[in-house]
Amino acid sequence: MIGNLTRRGMLKTGAAGLTMMISSGAAQRLSAQDGGGQVTIGFSQEPTVMNPHLPHIEVDEGIHFNLFDPLFTIRTDGSFQPALAREVPTVENGGISEDGLSWRVLLREGVTWHDGTPFTAEDVKFTLELQADPAFNAMRRTGHELVRNVQVVNDHEITWEMESPFAPYPSILAWTFIVPAHILGEADDPNTAPFNNSPVGTGAFQFGERVAGNYVMLEAYPDYWGEGPHLDRAIWRYIPDMTVLYTQFRTGDIDVIGLQGIPFDRLDQAEGLDDREIVIAPAATVESFTFNMERPQFKDPAVRQALYHALDKQTIIDAIYYGIPKPTETFLPLQSPYAKTDLETVEYSLDRAREILDEAGWVPGDDGIRVKDGVRLAFTNSTTAGNSVREQTQQFVQQDFADIGVEMTISNLPPAVMWGEYWMQSQFDSVIVGINFPTGADPDVSNYLHSSSISAQGGAGQNTWQYSNPRVDELLEEGGRLFVTDERKAIYDEVQQIVHDDLPFLPMFQYMNLRGHKTGLEGFDPNVNVRIETWNVAEWRWA
Amino acid sequence: MATFLLRRLGHSLLLLVLVSIIGFALLNLAPGGPLSQFALSPGMTQADLDRIAEQMGLNRPLPVQYLDWAGGLFFGDWGASFRDGRSVLSVISGHLFATLLLMAASTIISVGLGTLVGVLGATRRYSLFDQLATVGAMVALSIPTFWFGLVAIYVFALELGWLPAGNMYTIGDQSLGDYAIHLILPSVVLALVNVAIWSRYMRSAMLDVIGQDFVRTARAKGLRSQRVLWRHIIRNALIPMITLAGLQLPTLLSGALVTETVFTWPGMGRLFLDSLNYNDYPVVMGILMFTAILVLLGNLAADILVAAVDPRVRLE
């Protein structure tokens, strides 16, 4: 791997790669032998934020993954693979101390930034410290704010301490792209540095140009340390309308249809297209019918159970989502090794729902709506206005709920209002929402389910259900300290069981993304652990 | 003339201040804000959101935010986009060329064709051509641009394969011919509606003039009908069209949202919609001010032009 740099350089100057063929590992990594060419990817949202640590959305990450490298990346199976680190630090290899407090990372040698400057431990130190820098508008600080005493041992070794053990930190590091200290660190203000619009990374591709409102173009970085790139160029085109996005996929103007992908109602047609391969890729996001548990209607567990029995998931999936997503009982993606797959499937039965409400003492009033202790079983349900599939779901659910004497009023809001304070401060009765619960591939869900994460009660997280269960708190705290997979599995199994019993939200289904590419493009492999399908363009090639 | 210009300038400045205050207030008082797009990111916390809001200066009182922004505007600093941190002026200028290209092409088609159809229709009133043009204009006005654009893509790009399905140019080519071939579908689709509008205006402006006494006099003194048409009718009929053109000038630069969306044309219309969707306040306000200035300039230019061509009008 270290010979990579010189080999590539020699190939470039035409000095033939014969010497390189000696090492078999390196032989597979030759990119000059490949067909090259370019790939054009269509996105229905525009990547605009090139600095991976400024506030951004998922399409921006589609660019970051190719411009930059983290210390180690996360593969489709959830395992870590060394990137800028020579090996993934674990308790077993001594990279992380038994108590999880001391970290030591050995860094890859021979890596260069796109401007030719060598990558060193100073860059890692700078990146880690930047996250908690009060003057920097970092997107997220979770985990990074625990880092203390970052020490550069030498150019290729770095150590730091954690204020407290934090098991999800490896997953956070897997999306923490290392940025150059010699550029961003020298800038007057990292928030407005020129770097933010002309980024320099260590990734397989270097920044070409961005034409606002139009496209972002990256070009192959010939001195890349790892596999690839096998393409000369990668272009992300911004195509705002989904019908047009799909049309350009059909005409061949784009080679890959990325986010938001093929509309569900076109799947059959798309699968019949010549020279196109359609990929149905699971995403980590789980759609749920979510309660505000501080509302008097929802304090009674019987109500939540009854509503779960009245929620006809399968019909919703079949009728509204063309049968594409898969029903689920838990909040973790089913591909996660931590997902508890043997949770009881709650059957759809309006009779059972009525029975539960009757037993719990909710009696129909004069208008047919159930009442108990002066509380009418009526509430609003909100989601993003204009999201037609969710609106259909609401109307469908509304009818079933009405059948069991529950009044649900639909009250949708534009996205900027819906996902502002209304959501964060739990100002809703109930909501239909899709949430990506885990932290990367880590099962830690403290941000969503720990009682200290209730924003409406002064907490810092996103526990908008205002869900509070002391046993869950205890388990999450324990799980957050453990670095051993087997022991953690038992803990998160119990968390999933309790949440399935308590039902702060009714899990409906896990998202499926419809993507596609031209036949002949190899390496396209969506990863459930990241938010965007262009995470590995370095590995893409034309056959 | 000088006093007229000064007075108009004063009015315009006052209007701009009013527009900016109303726009700023409407934008900022509407519930929700630019942070909502980050709320559902994994691991996002309320503390993170509060911190980002503070960094962006969004938690200051509204009048302070306004004065800060307006003060910057006065000195030529229009602020920076929330989305990519670039200055608002460079964001706007980056989209201006695309819009100008599309609008210029479609305006040439629509004004040229529209004037021709209007003149022919008026001179041959109630002829078969006039009837067809009238019906055609109604049809063109009633077809949604979105639908027409998609049909055009379906026929010419997907089925026939003659023209590209969208985009302004092939990345890496960008020759004149490449631009031209990409320009055909969007400019024609956009022109379709405008041909209808221009031809209707032109036709009725012509008919207004044709019935006037001086036209009858001109004919009575034996002028050839071609000469009457060109020297007397069309010249006079074009005067109201100047005012109309002045009103059209801002749309030339503010873009055509629907056409730009269907043909993935990176122009101002889409920039405005995207900026609204992302609550990119500085860019939205920038486009608002830019358009307001254009409207005022367009009107001013039209007034001066009318005064120049029509001796009956005096600017005071």
Peer 1: Is it true that, when you exclude A:Asp189 itself, more than 12 heavy atoms of the residues, nucleotides or ligands shown sit nearer than 6.0 Å to its CG?
Peer 2: yes
Peer 1: Between A:Asn447 and B:Met44, which heavy-atom pair has the shortest distance, and what is it?
Peer 2: ND2-O, 3.0 Å
Peer 1: Might you work through the side-chain contact (heavy atoms from CB on, under 4.5 Å) test for B:Tyr278 and A:Gln45, ending with a clear yes or no?
Peer 2: CA-CA 11 Å; B:Tyr278 285 86; A:Gln45 285 175 322; 3.9 Å; yes
Peer 1: Tell me which of these, A:Met424, A:Glu58, A:Arg141, has more heavy-atom pairs under 4.5 Å with chain B than the rest.
Peer 2: A:Arg141
Peer 1: Heavy atoms only: give me the nearest A:Ala212-B:Arg86 pair and the separation to one decimal.
Peer 2: CB-NH2, 3.1 Å
Peer 1: Taking A:Pro55, A:Pro168, A:Gly461 one by one, which has the highest count of heavy-atom pairs under 4.5 Å against chain B?
Peer 2: A:Pro55
Peer 1: Taking side chain as everything from C-beta outward and backbone as N, CA, C, O, which of these in B:Tyr169 sits under 4.5 Å from a heavy atom of chain A? Side chain, backbone, both or neither.
Peer 2: both
Peer 1: Any chance CZ of A:Phe195 has more than 12 other-residue heavy atoms, nucleotides or ligands included, within less than 6.0 Å?
Peer 2: yes
Peer 1: Side chain, backbone, both or neither: which part of A:Asn191 has a non-hydrogen atom closer than 4.5 Å to chain B?
Peer 2: side chain
Peer 1: Is it the side chain or the backbone of A:Phe437 that comes within 4.5 Å of chain B heavy atoms, both, or neither?
Peer 2: neither
Peer 1: Most heavy-atom pairs under 4.5 angstrom with chain B, which of A:Asn51, A:Val417, A:Ile435?
Peer 2: A:Val417
Peer 1: Please say whether more than 12 non-hydrogen atoms of neighbouring residues, nucleotides or ligands are located less than 6.0 Å from CG in B:Leu176.
Peer 2: no
Peer 1: At a 4.5 Å cut-off on heavy atoms, which part of A:Asn436 comes close to chain B: side chain, backbone, both, or neither?
Peer 2: both
Peer 1: Hey, could you give me the CD/CG distance between B:Glu260 and A:Asp241, rounded to the nearest 0.5 Å?
Peer 2: 13.5 Å
Peer 1: Is A:Ile235 close to chain B through its backbone or its side chain, or both, or neither, when contacts mean heavy atoms under 4.5 Å?
Peer 2: side chain
Peer 1: So which of A:Met418, A:His56, A:Gln38 has the biggest tally of heavy-atom pairs under 4.5 Å with chain B?
Peer 2: A:His56
Peer 1: Using non-hydrogen atoms only, which part of A:Thr285 is less than 4.5 Å away from chain B: side chain, backbone, both, or neither?
Peer 2: neither
Peer 1: Can you find a heavy atom in the side chain of B:Thr264 that is under 4.5 Å from one in the side chain of A:Leu245?
Peer 2: no
Peer 1: Looking only at heavy atoms and a cut-off of under 4.5 Å, which of A:Glu421, A:Glu46, A:Arg250, A:Met139 has the most pairs with chain B?
Peer 2: A:Met139
Peer 1: State whether the side chain of A:Thr48 and the backbone N or O of B:Arg83 hold a donor-acceptor pair below 3.5 Å, judged by distance alone.
Peer 2: yes
Peer 1: Out of curiosity, B:Glu54 CD to A:Asn137 CG, how far, rounded to the nearest 0.5 Å?
Peer 2: 10.0 Å
Peer 1: Using 0.5 Å steps for rounding, measure from the OG atom of B:Ser81 to the CG atom of A:Asn197.
Peer 2: 9.0 Å
Peer 1: When heavy-atom pairs shorter than 4.5 Å are enumerated against chain A, which of B:Thr170, B:Thr261, B:Leu35, B:Ile171 gives the highest number?
Peer 2: B:Ile171
Peer 1: How many angstroms lie between atom OG1 of A:Thr251 and atom CD1 of B:Ile153, to the nearest 0.5 angstrom?
Peer 2: 8.5 Å
Peer 1: Is it the backbone or the side chain of B:Leu49 that comes under 4.5 Å from a heavy atom of chain A, or both, or neither?
Peer 2: side chain
Peer 1: Using non-hydrogen atoms and a 4.5 Å limit, figure out which bit of A:Pro134 sits close to chain B: side chain, backbone, both or neither.
Peer 2: backbone
Peer 1: Does any donor atom in the side chain of A:Gln462 or B:Thr45 lie under 3.5 Å from an acceptor atom in the other side chain?
Peer 2: no
Peer 1: Let's test your reading of the structure: which of A:Gly420, A:Gly440, A:Ala460 forms the most heavy-atom pairs below 4.5 Å with chain B?
Peer 2: A:Ala460
Peer 1: For the interface with chain A, which of B:Ala80, B:Ala165, B:Ala47 has the highest count of heavy-atom pairs at distances below 4.5 Å?
Peer 2: B:Ala165
Peer 1: Hey, is OH on B:Tyr154 packed in by over 12 heavy atoms from elsewhere, all under 6.0 Å?
Peer 2: no
Peer 1: State whether the side chain of B:Arg51 and the backbone N or O of A:Ala138 hold a donor-acceptor pair below 3.5 Å, judged by distance alone.
Peer 2: yes
Peer 1: Between A:Arg233 and chain B, which part of the residue has a heavy atom less than 4.5 Å away: side chain, backbone, both or neither?
Peer 2: neither
Peer 1: Looking only at the side chains, is there a donor atom on one of B:Asp274 and A:Tyr238 sitting less than 3.5 Å from an acceptor on the other?
Peer 2: yes
Peer 1: Hey, which of B:Leu150, B:Val91, B:Asn167, B:Val262 has the most heavy atom pairs under 4.5 Å with chain A?
Peer 2: B:Asn167
Peer 1: Relative to chain B, which segment of A:Val211 carries a heavy atom at a distance below 4.5 Å: side chain, backbone, both, or neither?
Peer 2: side chain
Peer 1: For chain A, find which of B:Arg270, B:Gln37, B:Met56 contributes the most heavy-atom pairs closer than 4.5 angstrom.
Peer 2: B:Arg270
Peer 1: Does any N or O in the side chain of A:Asn196 come within less than 3.5 Å of the main-chain N or O of B:Gly85, such that one atom is a donor and the other an acceptor?
Peer 2: no
Peer 1: Can you name the closest pair of heavy atoms from A:Ser455 and B:Gln46 and give their distance?
Peer 2: OG-CB, 3.2 Å
Peer 1: With a 4.5 angstrom heavy-atom cut-off, is it the side chain or the backbone of A:Pro414 that approaches chain B, or both, or neither?
Peer 2: neither
Peer 1: Please check: side-chain N/O of B:Asn279 versus main-chain N/O of A:Ala416, any donor-acceptor pairing under 3.5 Å?
Peer 2: no
